[in-house]
Amino acid sequence: MNKTMLKLKNITFSYGNSIILEDVDASIQEGDFMGIVGPNGSGKSTLLKICLGIIKPQKGSIEIFDTPISRFKDWGKIGYIPQKATAFNQGFPATVEEVVTANLYPVIGLAGRVRKCHKAQVDEALDTVGMKDFKQRLVGRLSGGQQQRVFIAKALVSAPRIIFMDEPTVGIDSKAEESFYELMLKLNKQKNITLVMVTHDIGAIDKRINRILCLSDGKVLEHQCGLDTSCDLYGQAYGSHAVNPIRHNHGRRGGNVGAS
Amino acid sequence: MLELLNYEFMQRAFAAGILVAVISPLIGTFIVLRRLSMIGDTLSHASLAGIAAGMLGNFYPLWGALAFSLAAAIGIERLRKRFSQYAELSISIVLSASIGLAVVLISLAKSFNADLMSYLFGSIIAVTMQDIYLMLALGIVIILSVWLFYKEFFYIAFDEDGAELAGIPVAALNIYFTVLTAMAIVVGMRIVGILMISSLMVVPVAASLQLAKSFRQTMLFSVMIALVSVISGLFTSYYFDLAPGGTIVLTSVAILVLVLIRNLFGRR
């Protein structure tokens, strides 16, 4: 039986009087590729931030690898690719190698030195995403798709068991998006890395994920295994006008509903 | 030409100058890349208030400069939390308070004299051995800190949120970095002067950014540019009897202009 990587129980979060998430239950098993979908304001990104410990819910419990999040220390096992990861200062004079090495912090620790074995880890992560030859290049000089690969390598370098992604395909072209999904599936299947991805792009993930968490107005509409995600579910979450385009684009690019 | 090094005051000036040339860009690289260029000006004006306090209270002015600039550094960090959406506002508030306090203390001490001018514009004859000892102690702390926390400061400069997620104690290191900046101001003020020390933190880095192919190179080139600026600036200052702060900063600006021209023609 697969191990539970993350367990959320009765998560409730609000900003002042406005409830963002209400009694959300979810669990992620080892090897899952889970999509978190839902319209703008449904609480997707908030849920992701709660999973990462960036914000604390008013109610509920979070366990990562069977450890309550407040006691969890092994953040190197958690990777994160933020929304618009490539929206950094493009003039920043950092090489690909320097950027990826930075995320070895959970492995090296405060005031620790970068050693040969760490450099090998950086090479391996860059090799996985096919960017080893670009190691010495300035990251701001690369294309959007290449930069995104560098940020995947940055997330991979600390050997995470689970990677969270917040709309990672925003701002890259369709070719780069296709190779992004190929790479993600490779990591999921070959390296058994669990993936959790917040997205609006239901058409693109529908055939690739094995678990879906559909949020609407802060509540879980559906949390299930398998790929049989029905139109009714999306219709309920996004409104019926959005269902046809989703069905139309099923299994290929372009089912981008209500993207922000 | 090198006979000027026979003078003890010039030996002290060069020792202090080389220290400043190494330290200012080390701190300046992070300041520029975090878009906090005004922080140097703010802390140097706070240190001016400290100098005036020293003159008024009749104690060693550099202690006053260090205490006031450290207090201002902590003030900036405290205010930054209050005005989290307007980070630059905290710098402007502390700058205003520092200038106001400096002017009041200077007028109270009736100390608008040659001694104060040497702090404002830098001086090659005013550097004492006591200054050198303090500068050396602060300089060692700064160099060691940058060496120890290089990767943490780099990550914070590149992506503060990512650094926080990776587990870096960002808030504590930000305060520590501002304290290091305050120390670097005190190290530089004797030679380059309060009015121009922040320029030496920024201009060599600006020139280096045009040439460097990595973060490490940016730091290395900016130190080299600052060294050339300080050494040639001190020679010019000695031979033409000019305030060293001005000659040093103008040399670094000249290097920046040359680099920009080179890049302009290089791209054609």
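Just the heavy atoms: all of them, side chains too, but no hydrogens, waters or symmetry mates, feed the values below. Chain letters run A, B, ... following the sequence lines, proteins first, then strands; residues in each count from 1. In this text, all values refer to a predicted model and were calculated from it rather than measured experimentally.
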Which atoms of [X] are under 4.5 Å from chain A, going by heavy atoms: the side chain, the backbone, both sets, or neither?
| X | result |
| --- | --- |
| B:Arg216 | both |
| B:Ala163 | neither |
| B:Ala166 | both |
| B:Ile168 | both |
| B:Ser214 | both |

Greatest number of heavy atom pairs closer than 4.5 Å to chain B - which of [options]:
| options | answer |
| --- | --- |
| A:Gly109, A:Ala102, A:Ala94, A:Pro93 | A:Pro93 |
| A:Val139, A:Thr101, A:Val99 | A:Val99 |
| A:Ser158, A:Gly91, A:Gly112, A:Gly76 | A:Gly112 |

Taking atom types as modelled, is there a side-chain donor on B:Asn174 or B:Arg80 under 3.5 Å from an acceptor on the other?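 There is no such pair (donor and acceptor under 3.5 Å, judged by atom type) between the side chains of B:Asn174 and B:Arg80.
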
Can we call the ring centroids of [X] and [Y] under 6.0 Å apart?
| X | Y | answer |
| --- | --- | --- |
| B:Phe154 | B:Phe215 | yes |
| B:Phe149 | B:Phe30 | no |
| B:Tyr150 | B:Trp147 | no |

What is the distance from atom CG of B:Leu43 to atom CD1 of B:Ile27, rounded to the nearest 0.5 Å?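 If I round to the nearest 0.5 Å, the distance is 11.0 Å.
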
How long is the straight-line distance from SG of A:Cys51 back to CD1 of A:Ile28, given to the nearest 0.5 Å?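 It is 5.5 Å, given to the nearest 0.5 Å.
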
With a 4.5 angstrom heavy-atom cut-off, which part of [X] approaches chain B: side chain, backbone, both or neither?
| X | answer |
| --- | --- |
| A:Lys154 | side chain |
| A:Leu110 | both |
| A:Gln136 | backbone |
| A:Arg113 | side chain |

Test log, rule salt bridge (charged side-chain N to carboxylate O under 4.0 Å, His left out), inputs A:Lys9 and A:Glu63: CA-CA 9 Å; A:Lys9 220 171 165 187; A:Glu63 283 183 8; over 6 Å; no

I'd like to know if the side chain of A:Glu97 reaches the main chain of A:Lys135, judged simply by a donor and an acceptor atom lying under 3.5 Å from each other, with no hydrogens or angles considered.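 No, the answer is negative, given that no donor and acceptor are paired below the 3.5 Å cut-off.
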
Among B:Thr29, B:Val32, B:Leu165, single out the residue with the greatest number of heavy-atom pairs under 4.5 Å to chain A.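 Ranked by heavy-atom pairs under 4.5 Å with chain A, first place is B:Leu165.
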
Taking C-beta and beyond as the side chain, do A:Phe65 and A:Arg161 meet within less than 4.5 Å on heavy atoms?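 The answer is yes; the side chains approach within 4.5 Å.
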
